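Have a look at the structure below before the remarks.
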Amino acid sequence: MGAGRWHKAGGALLRVAAVWAVSTLTMLALAGILPDFQLQSDDGDTVTKTAFTAAWGAGAFGLLSALVWPVLVRALLVVPALVLGALVFFLNGSLLIVALRLIPDGRGTADPETAVAVAAVMSAVASATSTALAVRDDDAYRRRLSRLADRRRKRGPGFAADGPDGPPGTVFLQLDGVGHDVLTKAAAQGLMPTVAGWLADPGGHRLTPWRTDWSSQTGASQLALLHGSNHDVPAFRWYEKETGTVMVSSRPASALELQRRAVARTQDGGLLTLDGASRGNLFSGGAEQLALVLSMTGRRGKGRRSRSGYFAYFSDPANAVRTALSFVAEVGREIGQSTRSRLRKETPRIKRGGLYPFIRAFATVVERDVVVAAVIGDIFAGRTAVYADLVAYDEVAHHSGPYSRDADRVLARLDRSLALIVKITEHAPRPYRIVLLSDHGQSVGETFAGRYGLTLKDLVRAGCGLPVPRRAQRTRSASEARDALRIALHRPLQEKEAEPAALAASDPVVLASGNLGLVSFPGIEGRASREEVDRRHPALLSTLANHPGIGFLLVRSEEHGSVVLGAGGAEVPVAELRDDEGPLAGFGPGAADAVRRTDTFPHVADLMVNSMYDPATGEVHAFEEQIGSHGGLGGPQSRPFLLWPRGMTDPLDALAAEAAGPGAAEPGAARAPVVGPRAEVSLGEAPRPLVPHAVPVGAEAVHRVLRRWLREPAGPQVPLLTEGMGGLPYADRPLPGARSGAGRPVADAALPEPGTEAARAPRD
């Protein structure tokens, strides 16, 4: 034991010496290249004296970086994240100036601008050298990367069997907006070699699509994936008459309220309540470990400060410098790509100026780097369940198109991040299974305003006989990245699309969610009926239903119940809707069921308007400024994917088992049927004919699959009362199949105090 400890200590000292030597040589080289960086006295020094000065300066800088930098970053955690990123160079340069002043006889000098450049280069070189040396030693490599983990974390009972023979952990990586067809194409073309390797390996992964609800967007899908219910989430944003507010899925207050409603409906804390971590998501999933979780950004308390993920990453100055440089490069890349698109007159095309280059760089660089680093820390901490969202592709595809070269390059970089995580699992303290999934896809097409010269709001106002602006006004786009950037900058979030309090009683509230539009009439109490709308605005419904850019609309009728209206006077009661005929023909299997389900929501809009969809071209018309859009029905946007390791239960088998067990009848359990042919893909295998199997339908069904996968390695484990929801107490419903007494949920029984060992222990 003693010899092993001395061996590790000796290896650590050798690595420190090697990094010091490389840093010294780097400082000497920079002193020879940069005229304003000096390591000699004015009269000159011997080579030995100069080398000693460089070694002293490199050692002092390294020591300050190790000791002072983390303290500075923690002290500046209250500073907006991007401001902190901008301060990286200044802080690093300041540390170098201090280090030079510690050199005896004042031989080290540098101008402030030069000090910034020297510090950046030295931090990058030291980090690269340290990593290269550590990779040769698995233990050292693990220690270096596990600094990102919370060392004070208390391991739950599920992690008691430590080591390679213990139960595996599971990492769920969500590639936001990547559709099933986009993933298979990227793998086949070599853009995503990691994914392609999984699919080509007979013992690798299996791939299947699943189908979203009518609201094919992150707010609805991820809420159900993590919390088991997206009931009453009709779109990305919607108007609630009883409070006069606009709910927006990417706003912290709305996200927290949606999370609270889901927990109240399911009586379940979420997918990640048992030793879980939530990274870069809209919702927490009940996890104790949070980083960049939108619903928790305003919460405080131990383990609840979601922005602390920035500290975990930026506490390493090399990380900070690398991300800052990549951020600047990404801004330049976007400006170049948008300029090329404009010069080539590519269509469809939207404006990509203003703040968008910075929003894109935040999504594709800062958020990606912080989330990936947090996942690496979770793996080395041995956490049981990790769910992380990478939003880079979704943000770029909105503006460049889901099949554009810009989006392809983002997919390639995401695959490299995936490959890094896979490599890290080889050094983890327990085996890990990596599940790749998406929350929706994207459909392509020119915007509604670009094609027809007016926005949906303009069309609604014209149908109501209200004044319409001469020039079509831009409709604000739904963007999780934009709102996350505003939060990182500590800027207030405002909903400019509708300010109901300032509207006249006759003015409608018109909101957009991709190619799904929502029209509400604040002056009509409750859900407006078709008859009431016709009395107030006789031309509105026919104007909308017969417009070539609109596929169909949903409205409640006093006589026939809810009906779907289409062109040419088509009118079909919701109960009689069919996928293969009428207004929904061409929108794909399951469209009728999706509309029927949304019609039952308490906050369904007075008018739900879905854009046209051309099955031949896959084109839709977004009511926002997006050429790649999602949010409604029509095309690939409703067809995300699920990619899981072989050996885990097939999703359809998992759903069948859940339906047959006691959990099928529990409150809040998803009951969506599974319909449509399965299109399972495995690259490298001979094409197989489609069999009359089904695909999971609805994010609630996928949640049940994910939950079952988490239970499989170690059997049912039931988290009980915990301090979830950022301080809002709740009792977790037992997992399907675990009951207490005569069918009474365990959550109704006496519960131990949260945070105690008794609360963490599994129950029979």
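Note that the coordinates shown come from a computational prediction; the quantities given were computed from them, not determined experimentally.
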For L271 and F172, run side-chain contact (heavy atoms from CB on, under 4.5 Å): C-alpha distance rounded to whole Å, both residues' side-chain angles, the deciding distance at 0.1 Å, then the answer.
CA-CA 11 Å; L271 184 72; F172 300 103; 4.2 Å; yes
With a 3.5 Å distance limit and no angle check, can you tell me whether S629 reaches the backbone of Q626 through a side-chain donor-acceptor pair?
no
Is a donor on one side and an acceptor on the other found under 3.5 Å between the side chain of E240 and the backbone of M247?
no
Using a strict 4.0 Å threshold on nitrogen-to-oxygen distance, state whether E330 and R413 make a salt bridge.
yes
Does a side-chain heavy-atom distance below 4.5 Å link S229 with L223?
no
What verdict does the salt bridge (Lys or Arg N to Asp or Glu O under 4.0 Å) test give for R360 and E334, after you've listed the backbone C-alpha separation in whole Å, the side-chain angles of each residue and the deciding distance to 0.1 Å?
CA-CA 8 Å; R360 167 174 164 167; E334 161 55 26; 2.6 Å; yes
Using atom types as modelled and distance alone, determine if a side-chain donor or acceptor of T598 lies under 3.5 Å from a backbone N or O of A594.
yes
Let's go through S438 and D176 carefully: what are the C-alpha distance in whole Å and the side-chain angles of both, what is the deciding distance for side-chain hydrogen bond (donor to acceptor under 3.5 Å, both in side chains) to 0.1 Å, and is it a yes or a no?
CA-CA 6 Å; S438 58; D176 204 302; over 6 Å; no
Measure the spacing between OG of S215 and NE2 of H440 and express it to the nearest 0.5 Å.
9.5 Å
Can you tell whether the side chains of D232 and R265 come within less than 4.0 Å, N to carboxylate O?
no
Give the minimum heavy-atom separation between T245 and Y239, together with the two atoms involved.
O-CD1, 3.4 Å
Please assess L642 against V435 for the test side-chain contact (heavy atoms from CB on, under 4.5 Å), listing each intermediate value before the final yes or no.
CA-CA 8 Å; L642 191 59; V435 174; 4.3 Å; yes
Looking at E367 and V391, would you say the former's side chain and the latter's main chain have a donor-acceptor pair under 3.5 Å?
no
Could you check whether any side-chain N or O of S513 sits under 3.5 Å from a backbone N or O of R237, counting only pairs where one atom can act as donor and the other as acceptor?
no
For the pair R383 and E288, find out whether any cationic side-chain nitrogen is under 4.0 Å from an anionic carboxylate oxygen.
no
Please confirm whether the backbone N or O of P402 pairs with a side-chain atom of Y393, one donor and one acceptor, at under 3.5 Å?
yes
Using the rule given for side-chain contact (heavy atoms from CB on, under 4.5 Å), can you reason through L437 versus L643, listing the C-alpha separation, both sets of side-chain angles and the distance that settles it, and then say yes or no?
CA-CA 6 Å; L437 74 160; L643 181 68; over 6 Å; no
In Å, rounded to the nearest 0.5 Å, how long is the span from CG of L411 to CG of L183?
8.0 Å
So which heavy atom on E700 is nearest to which on H231, and how close?
OE2-N, 3.9 Å
Write down the atom of D394, the atom of G177, and the distance for their closest heavy-atom approach.
OD1-CA, 3.6 Å
Quick one: does D369's side chain get under 4.5 Å of V371's, heavy atoms only?
no
Could you tell me whether the side chain of R433 and the main chain of W709 form a donor-acceptor pair under 3.5 Å?
yes
When you check the side-chain N and O atoms of N230 and S221, is any donor under 3.5 Å from an acceptor?
no
Using only heavy-atom distances, determine whether the side chains of H603 and E242 contain a donor-acceptor pair under 3.5 Å.
yes
Rounded to the nearest 0.5 Å, what separates atom CG in L258 from atom CG in L282?
9.5 Å
What are the two closest non-hydrogen atoms of Y387 and L272, and how far apart are they?
CB-CD1, 3.8 Å
One should read off an interatomic distance between I379 CD1 and H427 NE2, to the nearest 0.5 angstrom, of 11.0 Å
With a 4.5 Å limit on heavy-atom distance, are the side chains of F283 and Q222 in contact?
yes
Would you please say whether a donor-acceptor pair under 3.5 Å links the side chains of D439 and Q174?
yes
Work out which heavy atom in V293 is nearest to a heavy atom in R279; give both atom names and the distance.
CG2-N, 4.5 Å
Before giving the answer on side-chain contact (heavy atoms from CB on, under 4.5 Å), spell out for E395 and T364 the whole-Å C-alpha distance, their side-chain angles and the decisive distance to 0.1 Å.
CA-CA 8 Å; E395 184 61 36; T364 58; 5.7 Å; no
Check ion pair E257-R261 (N to O, under 4.0 angstrom)
yes
Heavy-atom closest pair, residues L294 and S249:
CD2-O, 4.2 Å
Can you list everything that forms a salt bridge (Lys or Arg N to Asp or Glu O under 4.0 Å) with R416? Sequence neighbours excluded, please.
none
Given 3.5 Å as the limit, does a donor-acceptor pair link the side chain of S295 with the main chain of L256, or not?
no
Going through the distances and angles, do H398 and H630 end up as a ring-ring contact (aromatic ring centres under 6.0 Å, His included)?
CA-CA 9 Å; H398 278 318; H630 56 89; 5.0 Å; yes
